[in-house]
There are 4 protein chains.
Amino acid sequence: MTNSVDRRTQAAQKRRRLAAAAARVLHEQGIERTTLADIAHEAGVPVGNVYYYFKTKDELVRAALGEHRDRLDELTAGLDRLPAPHDRLRALVETWVSQRETTARYGCPTGTLAAELGKRADDSLHAEAGAVLRRLSDWTAAQFRAWGVPDPDDHARTLVSAHQGMSALTHALRDPSVTTREATRLLHWLDSLRAGPGISP
Amino acid sequence: MTNSVDRRTQAAQKRRRLAAAAARVLHEQGIERTTLADIAHEAGVPVGNVYYYFKTKDELVRAALGEHRDRLDELTAGLDRLPAPHDRLRALVETWVSQRETTARYGCPTGTLAAELGKRADDSLHAEAGAVLRRLSDWTAAQFRAWGVPDPDDHARTLVSAHQGMSALTHALRDPSVTTREATRLLHWLDSLRAGPGISP
Amino acid sequence: MTNSVDRRTQAAQKRRRLAAAAARVLHEQGIERTTLADIAHEAGVPVGNVYYYFKTKDELVRAALGEHRDRLDELTAGLDRLPAPHDRLRALVETWVSQRETTARYGCPTGTLAAELGKRADDSLHAEAGAVLRRLSDWTAAQFRAWGVPDPDDHARTLVSAHQGMSALTHALRDPSVTTREATRLLHWLDSLRAGPGISP
Amino acid sequence: MTNSVDRRTQAAQKRRRLAAAAARVLHEQGIERTTLADIAHEAGVPVGNVYYYFKTKDELVRAALGEHRDRLDELTAGLDRLPAPHDRLRALVETWVSQRETTARYGCPTGTLAAELGKRADDSLHAEAGAVLRRLSDWTAAQFRAWGVPDPDDHARTLVSAHQGMSALTHALRDPSVTTREATRLLHWLDSLRAGPGISP
DNA sequence: GATGAATGAGACTTCATTCAT
DNA sequence: CATGAATGAAGTCTCATTCAT
């Protein structure tokens with residue numbers, strides 16, 4: 001019994017390791033240019049073995065998106081420890097700034113995956129990517145709401161959109177300073193909301 | 001001589017037709033999922049013939065980016081006919097709105113190509129995509145400058161970034177209303193600049 | 001463990017089988033006129049599987065050259081069992097005679113491969129072919145040296161050159177008797193050296 | 001009339017130019033690695049035009065062999081001006097020495113073409129290459145005969161074989177000194193025949 | 001005859017997926 | 001479960017040859 005639990009745990013760990021490897025490699029190389037062998041190699045798992053954990057490559061992509069969602073949850077969970085919603089949002093923006101070098105090289109993980117998946121005939125994976133962005137939007141709206149800002153959903157959409165925009169431009173121009181500057185603007189905007197609603201971003 | 005000119009023109013036209021087909025199909029299917037046969041079929045040309053005009057698939061991608069650049073130039077040339085820079089910028093934003101359905105389905109052509117190209121080891125095509133975005137940014141900065149807005153480059157970067165962001169989100173959520181709403185916000189922002197500089201977006 | 005060794009052995013055997021098939025077909029059809037499908041078919045293996053063992057066609061060519069080198073080694077190892085160097089060299093020449101029909105049809109395996117490879121821009125495979133010929137030359141020189149013939153390297157070069165020449169001519173004229181006659185001459189020459197050095201071939 | 005003759009002459013010149021270009025490029029790149037475009041480009045002729053002079057690629061190969069035969073005839077015609085057969089043969093060997101650098105890079109033109117053609121299912125071109133070698137052999141035999149050496153055909157075969165051998169080895173080892181040394185040996189051999197028959201090569 | 005363009009067969013290579021042990 | 005090996009569909013690219021003007 002203990003043995004079987006161990007096994008189950010071990011299996012779960014291997015699944016996780018594969019998902020994490022997939023998240024990493026797919027972010028860096030894109031979906032279509034990444035082979036299963038790349039992911040297996042990154043995870044230190046024999047190629048043939050991958051299929052015991054994921055029946056198709058698409059399932060690995062799905063797992064990678066799940067991984068990104070989990071990381072987002074960890075991030076927001078951390079931010080939730082800050083007392084003021086306003087500070088949480090500022091910290092979110094600062095997180096983006098701290099990732100600017102990676103963004104310049106590989107773009108936003110979820111955003112670029114969504115861009116690639118959005119052109120498929122089959123929508124299911126694309127929707128999964130969209131869900132991760134919506135999850136961020138929902139959390140952000142909750143902050144605006146808690147803060148008492150009117151139209152919290154609109155403000156959230158604007159902030160997430162701004163993140164996608166600055167990530168895309170940072171990536172396209174390979175210039176981390178795009179992130180720095182846009183983030184500064186966003187922080188000013190957040191501060192301007194503090195004084196009270198009325199000033200549109 | 002007339003004959004040879006005709007031929008040269010015809011060849012150039014076919015090249016252009018292939019480039020246009022490539023621009024369309026690559027936008028809709030992404031680079032890696034598009035085969036040369038797809039492009040050849042879209043252009044109504046046998047596959048083998050494509051190689052008479054473009055030696056590699058990458059050259060076709062490059063041509064597609066050139067096509068997008070040309071369309072951008074046509075767009076801005078049209079906008080330049082408007083007398084006031086402020087109106088040109090408003091019209092730009094409204095152009096984006098008019099494209100919202102296509103954006104919801106396939107994303108911003110240049111932006112999604114840049115996202116896909118940015119993960120390659122070889123930078124040259126990615127840089128080409130970045131150049132198209134920078135071209136838009138330069139034109140935009142020129143409008144802000146003509147308008148007398150301070151920090152025109154910063155404002156231009158913000159506007160282009162906003163476009164990339166709203167396109168990415170519109171695409172990821174398959175929701176054209178994202179574009180509509182963000183565009184509305186941008187128009188307010190442009191109007192607020194009219195009153196005089198000082199109010200940050 | 002036994003299992004894994006078995007597998008490794010099996011894999012090595014298949015690699016060898018492919019290399020042997022390549023050596024055969026490349027000898028008979030030449031490099032450029034031989035397709036991977038030809039080699040796969042000769043080895044009784046599906047085409048796709050070939051790439052599990054050899055990443056490119058050139059690697060198969062390299063393996064074929066290795067095969068020829070191995071056969072040369074087996075040949076000289078057999079000759080080394082003869083007590084007198086002089087007899088070993090005579091036996092070498094007689095081996096050539098025994099292969100005259102194949103030579104008339106397809107030429108010397110190493111020699112014709114070298115001829116084809118020598119015209120490439122990239123030298124690496126050509127050098128490999130040259131190394132096989134040099135290996136024969138080295139063994140031959142060792143025999144002359146052991147025999148006490150002066151200038152053993154010169155004599156070896158002459159013998160190997162004679163072999164290449166008679167093989168080329170036998171092949172070009174499709175006439176095995178060229179080999180027979182030139183071999184007779186070479187045997188006389190070897191005998192003349194027996195009496196003592198001094199008589200140039 | 002003059003006009004038509006001019007035209008016929010011009011056409012013949014173009015044919016010749018193409019054949020010469022083919023001889024050159026095929027020698028340097030081998031048959032299979034040379035494209036019709038390569039030859040057309042080398043001759044300064046548009047690709048489509050080649051087919052008015054040669055209906056297939058194989059006919060161009062045949063023409064290239066004819067070109068090599070013509071050059072051989074020019075060579076022997078020049079040697080025929082020397083009074084003594086013995087000197088003609090010495091001069092022949094010295095011609096080979098003078099070509100050693102080209103041989104090291106590309107091998108003997110006729111020999112390497114023969115090697116490549118000899119592996120085809122269809123014999124006709126291969127026979128053409130063999131005929132060029134036999135032509136050299138015939139001329140050589142005539143010299144030995146005029147000189148009074150017995151078994152002139154055997155001696156001729158040996159000399160031509162020696163040339164093929166030293167060319168092949170020079171090419172395979174990319175070492176022109178192979179030619180120099182073997183040529184020295186051949187000159188000694190020719191001199192030894194001068195004293196009178198009896199000493200076998 | 002001359003020429004740029006067209007065509008289609010076929011080559012090499014990659015890779016997701018499956019299989020046998 | 002584990003794993004090296006197997007498979008075949010598909011993609012990119014080349015090129016001899018033909019065609020239209």
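Throughout, protein chains are lettered first and strands after them, A, B, ... in sequence-line order, and every chain is numbered starting at 1.
The distance from atom CG of D:L36 to atom P of F:dA16 is 5 Å, rounded to the nearest whole Å. Taking atom CZ on B:R15 and atom P on E:dA5, their separation rounds to 11 Å, with Å as the unit. Residue B:L18 contributes atom CG, which lies 13 Å from atom P of E:dA5 at whole-angstrom precision. Atom NZ of C:K55 and atom P of E:dC15 are 12 Å apart (whole Å). Going from atom CG of C:N49 over to atom C1' of E:dT14 covers 14 Å, rounded to whole Å. The distance from atom CG of C:D38 to atom C1' of E:dT13 is 16 Å, rounded to the nearest whole Å. Nucleotide E:dT13 holds its P atom 10 Å from the CD atom of C:E59, rounded to whole Å.
Under a 3.5 Å cut-off, the side chain of B:E32 and the backbone N or O of A:E32 do not form any donor-acceptor pair. C:K57 places no side-chain N or O within donor-acceptor distance of the main-chain N or O of C:T35, the cut-off being under 3.5 Å. Distance alone, capped at 3.5 Å, places no donor-acceptor pair between the D:H27 side chain and the D:T110 backbone.
Nearer the 5' end of DNA chain E, as judged by each residue's closest nucleotide, is the contact made by D:V47, out of A:R33 and D:V47.
On a pure distance criterion of 3.5 Å, a polar donor-acceptor pair joins the side chain of A:Y52 and the base of F:dA2.
In this structure, F:dA9 forms a base pair with E:dT14, meeting either the Watson-Crick or the G-U wobble geometry with both donor-acceptor distances under 3.5 Å. In a base pair of the Watson-Crick type (N1 to N3 plus N6-O4 or O6-N4) or a G-U wobble (N1-O2 and O6-N3), with each distance short of 3.5 Å, F:dG4 is matched with E:dC19.
Side-chain proximity of A:K14 to the nucleotides F:dA2, F:dA6, E:dT17 is greatest for F:dA2. Distances were taken from every side-chain heavy atom of C:Y51 (C-beta onward) to each of F:dT3, E:dT14, F:dT12; the shortest belongs to E:dT14.
The pair D:E128-D:R69 fails the salt-bridge criterion, with no side-chain N (NZ, NE, NH1 or NH2) lying under 4.0 Å from an Asp/Glu carboxylate O.
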